[in-house]
Every structure is written in C-alpha cells, then in structure tokens.
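Below you'll find the structure, written out as structure tokens, and then a few comments.
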Amino acid sequence: TSVTDADGHASTRWTLGGAPGANTATAVISGVGTVTFGATGIPGTPPGLTLAEQPPGGAVRGIALSQAPVVQLLEPDGSPRHRAGVNVTVALLPGGASLRGTLTRSTGQDGRAAFGGLSIEGPPGTYALAFSATGYSGATSTSIALARAGTTLAIRSDDPDPSAPGQAVRVRFTVESPGGAPDGTVQVTSDDGANCAAPVSAGECSLALTSPGPRTLTATYSGSDQFAGSSDSEGHTVSAPQPVPTTTRITSDDPDPSDVGAAVTVRFSVTA
C-alpha cells in the first residue's frame, strides 16, 4: 500500500515469481478503478558447481580413487558460494560400468563436498564423473582411464603328494585381487602333459600324473576383461611303482626218484 503524491503518482517495488514466464500485478485505487501491469520473467544465471579438486587421471578396477574429487558451490557470478547442507550427487559417464561408494554428500560451511572412497567397477576404458545438485548447474570431471585389476594366484595344496602313477591328484588354488572377486578359469598343467581346468569359483581340479619322478605343477589364470592374469607353480613327486612281492613254490617233481637220463616233470606255483 502506498499514497499518491501531489501529482497523483504512487509506486512500489515488484519482485517477479521464481518461475520463468508471464507475471501480472493489479493496482487498485478505491472508488477510482484498477490498472494491470505485466512483466515476463526470463531465466537468469543459476548458481553452479565446479571441481575444486579433480579425480586422478588413472584408476584400477575396484580400488578407491587415489585422490578424492572435491566439488565447490558457485554463485551466479562465478564466485564461491559458502552454503552448508546442499546435497551433491555424483554419477559415472558413460554407462557400462558401476560407481561404488557414497554417491551423495552434503556441502560444509565452505560450500564444498569431498567424495572420498569412490571406486569404478567395469571394463577398461575412459570414464568421467558428473556432479549435480538441485537448483545448480552441474559439473563434469576430467577423464579417468580405468585399468584391469591385478590378481594373485596361489596353489594351496596338491593331494596326495607323493602320488602313484595314474593316481588322481587334487590341486586346490585361489585367485585373489584387491579389485574384487575375479571370474574366469584356472588351468593346471604338469610337465609330463597331464592337465585339468576349473572355474576360479570352484577352487580345485584333479589330474593324473603318469611319469615317475619329480614333477612341476603350474596353475595359470588367463584373466578376464576386468582382471589381469597370474600363475603359480608347485613341486610334486610321482613315486616309481614298487615291485610286488612274490612267492615261488615247487609243488611236485615226478617221477622221484628217477632214472639217469629220464625226464622229470617239475610243477610249481608263483603267487603275489
């Protein structure tokens, strides 16, 4: 409400609504009439986000990023906005992989949110992090080159050792990685040509070695699209076959006594 001056003029300040588009206001003078004013609200520059600290240029599948990205709120003029409690969410670009960790964090009093503990699980490639917050223009990080995770294969046991020629030997193995649980197949071979294969998840397979003597067992994990290969070797002994004890017994010699020069039939048995 305002009062006209000596010229019959009255004024006030009008703040348009928050949504872009047409706005109307009506002035009323009691007993005189009304007049309508119109104005169109156009979008201004919204506040935004920027990367105060970029993620590292390289990462390993399933392992936390070596440097935590930090997001800063910005005023429309580009200066830092110091506002706490703004929820910022991060997503991975492009698809085909998964981003692990806490994906939404709130800004502190300085208007910043740090995203520690993020990791990427997926095939090797180039990815980026996209940050967004309601009412703010988003920001995208620099590229991150993702590499396969390393693995360690270990033969845990080969039972029995020593083994007899042709006897089944059960070889137990593990494949481990700091980047997660590897998939794929492990093949176990002997230097005498025997071999067997099983999935990593099975953890064992059996083969029969035939050549007596010291042998070498080698387990090989060929890797997958997300995990690098590895191998391990173990000594094994194949015992030479032992001779079976026997007993020989003469059962008869006929005739006895015999004449000089006469044929004598000797009967015998051999048992084991």
Side-chain angles (χ1 to χ4, degrees), residues 55-68 90-103 115-129 143-239:
V60 176
R61 191 260 189 218
I63 297 178
L65 300 180
S66 60
Q67 180 173 307
V90 61
L92 189 66
L93 300 175
S98 299
L99 186 63
R100 305 297 185 191
T102 302
L103 304 185
F115 286 79
L118 295 179
S119 64
I120 303 172
E121 295 181 1
T126 301
Y127 300 90
L129 303 178
S143 297
I144 305 170
L146 185 67
R148 293 193 301 173
T151 62
T152 301
L153 188 153
I155 295 176
R156 299 301 181 184
S157 65
D158 50 317
D159 184 45
D161 184 14
S163 63
Q167 182 179 10
V169 176
R170 183 165 61 175
V171 180
R172 293 185 176 92
F173 53 80
T174 57
V175 182
E176 298 176 339
S177 172
D183 55 353
T185 301
V186 172
Q187 184 172 35
V188 180
T189 59
S190 168
D191 55 1
D192 72 349
N195 66 87
C196 64
V200 172
S201 57
E204 64 177 55
C205 67
S206 296
L207 72 170
L209 295 83
T210 56
S211 300
R215 305 263 68 91
T216 299
L217 301 177
T218 300
T220 302
Y221 170 59
S222 57
S224 67
D225 63 338
Q226 299 184 34
F227 293 91
S230 55
S231 63
D232 188 28
S233 295
E234 175 79 11
H236 184 87
T237 300
V238 179
S239 300

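With contacts defined as side-chain heavy-atom distances shorter than 4.5 Å, the pair Phe115/Thr102 does not qualify. In this structure the side chain of Asp159 never reaches within 4.5 angstrom of the side chain of Asp161, judged on heavy atoms. Side-chain contact check for Val188 versus Thr220: every heavy-atom pair is 4.5 Å or farther apart. Residues Ser206 and Cys196 have side chains not in contact (no heavy-atom distance under 4.5 Å, counting atoms from C-beta outward). Residues Thr216 and Ser190 are not in side-chain contact: their nearest non-hydrogen atoms beyond the backbone lie 4.5 Å or more apart. Between Leu129 and Leu93, the closest side-chain pair of non-hydrogen atoms is not below 4.5 Å. By the 4.5 Å heavy-atom criterion applied to side chains, Pro182 and Tyr221 are counted as neighbours.
Among all heavy-atom pairs drawn from Ile144 and Gly58, the shortest one is CG2-C, 4.2 Å. Across Ala168 and Pro160, no two heavy atoms sit closer than the pair O-CD, 3.7 Å. Summarising the geometry of Thr152 relative to Ser230, their closest heavy-atom pair is C-OG, 3.8 Å, with the distance given to 0.1 Å. Closest approach of Leu146 and Gly122 over heavy atoms only: CD2-O, 3.6 Å.
The side-chain hydrogen bond (donor to acceptor under 3.5 Å, both in side chains) test applied to Thr218 returns Ser233, not counting sequence neighbours. For Ala164, the side-chain contact (heavy atoms from CB on, under 4.5 Å) partners at least two apart in sequence or on another chain are Gln167. Taking the side-chain hydrogen bond (donor to acceptor under 3.5 Å, both in side chains) definition, one finds that Thr174 meets it with Arg156, sequence neighbours left out. Evaluation of the ring-ring contact (aromatic ring centres under 6.0 Å, His included) rule for Phe227 yields no partner, not counting sequence neighbours. Residues passing the side-chain contact (heavy atoms from CB on, under 4.5 Å) test with Ala64: none are found, sequence neighbours excluded. In terms of the side-chain contact (heavy atoms from CB on, under 4.5 Å) criterion, Ala68 has no residue partners (sequence neighbours excluded). Partners of Pro212 under the side-chain contact (heavy atoms from CB on, under 4.5 Å) rule, at least two apart in sequence or in another chain, are Pro165, Ala240, Pro241.
Each salt bridge (Lys or Arg N to Asp or Glu O under 4.0 Å) pair with one or both residues in residues 189-216, not counting sequence neighbours, appears once here: Arg170-Glu204, Arg172-Glu204, Asp191-Arg215. Applying the side-chain hydrogen bond (donor to acceptor under 3.5 Å, both in side chains) rule to pairs touching residues 175-185 yields Asp183-Ser224, sequence neighbours excluded. Pairs engaging residues 194-203 under the side-chain hydrogen bond (donor to acceptor under 3.5 Å, both in side chains) rule: none recorded [sequence neighbours left out]. A salt bridge (Lys or Arg N to Asp or Glu O under 4.0 Å) check over residues 222-232, counting only residues at least two apart or in different chains, returns nothing. Among pairs with a residue in residues 116-129, those fulfilling side-chain hydrogen bond (donor to acceptor under 3.5 Å, both in side chains) read Arg100-Glu121, at least two apart in sequence or across chains.
To the nearest 0.5 Å, atom CD of residue Gln187 and atom CZ of residue Phe173 are 11.0 Å apart. Atom CG of Leu118 sits about 9.5 Å away from atom CG of Leu92, to the nearest 0.5 Å.
When only modelled atom types and interatomic distance are considered, Gln226 and Arg61 share a side-chain donor-acceptor pair under 3.5 Å.
Side chain of Ser163 to main chain of Val238: no donor-acceptor pair is present (N/O by atom type, distance under 3.5 Å, no hydrogens or angles).
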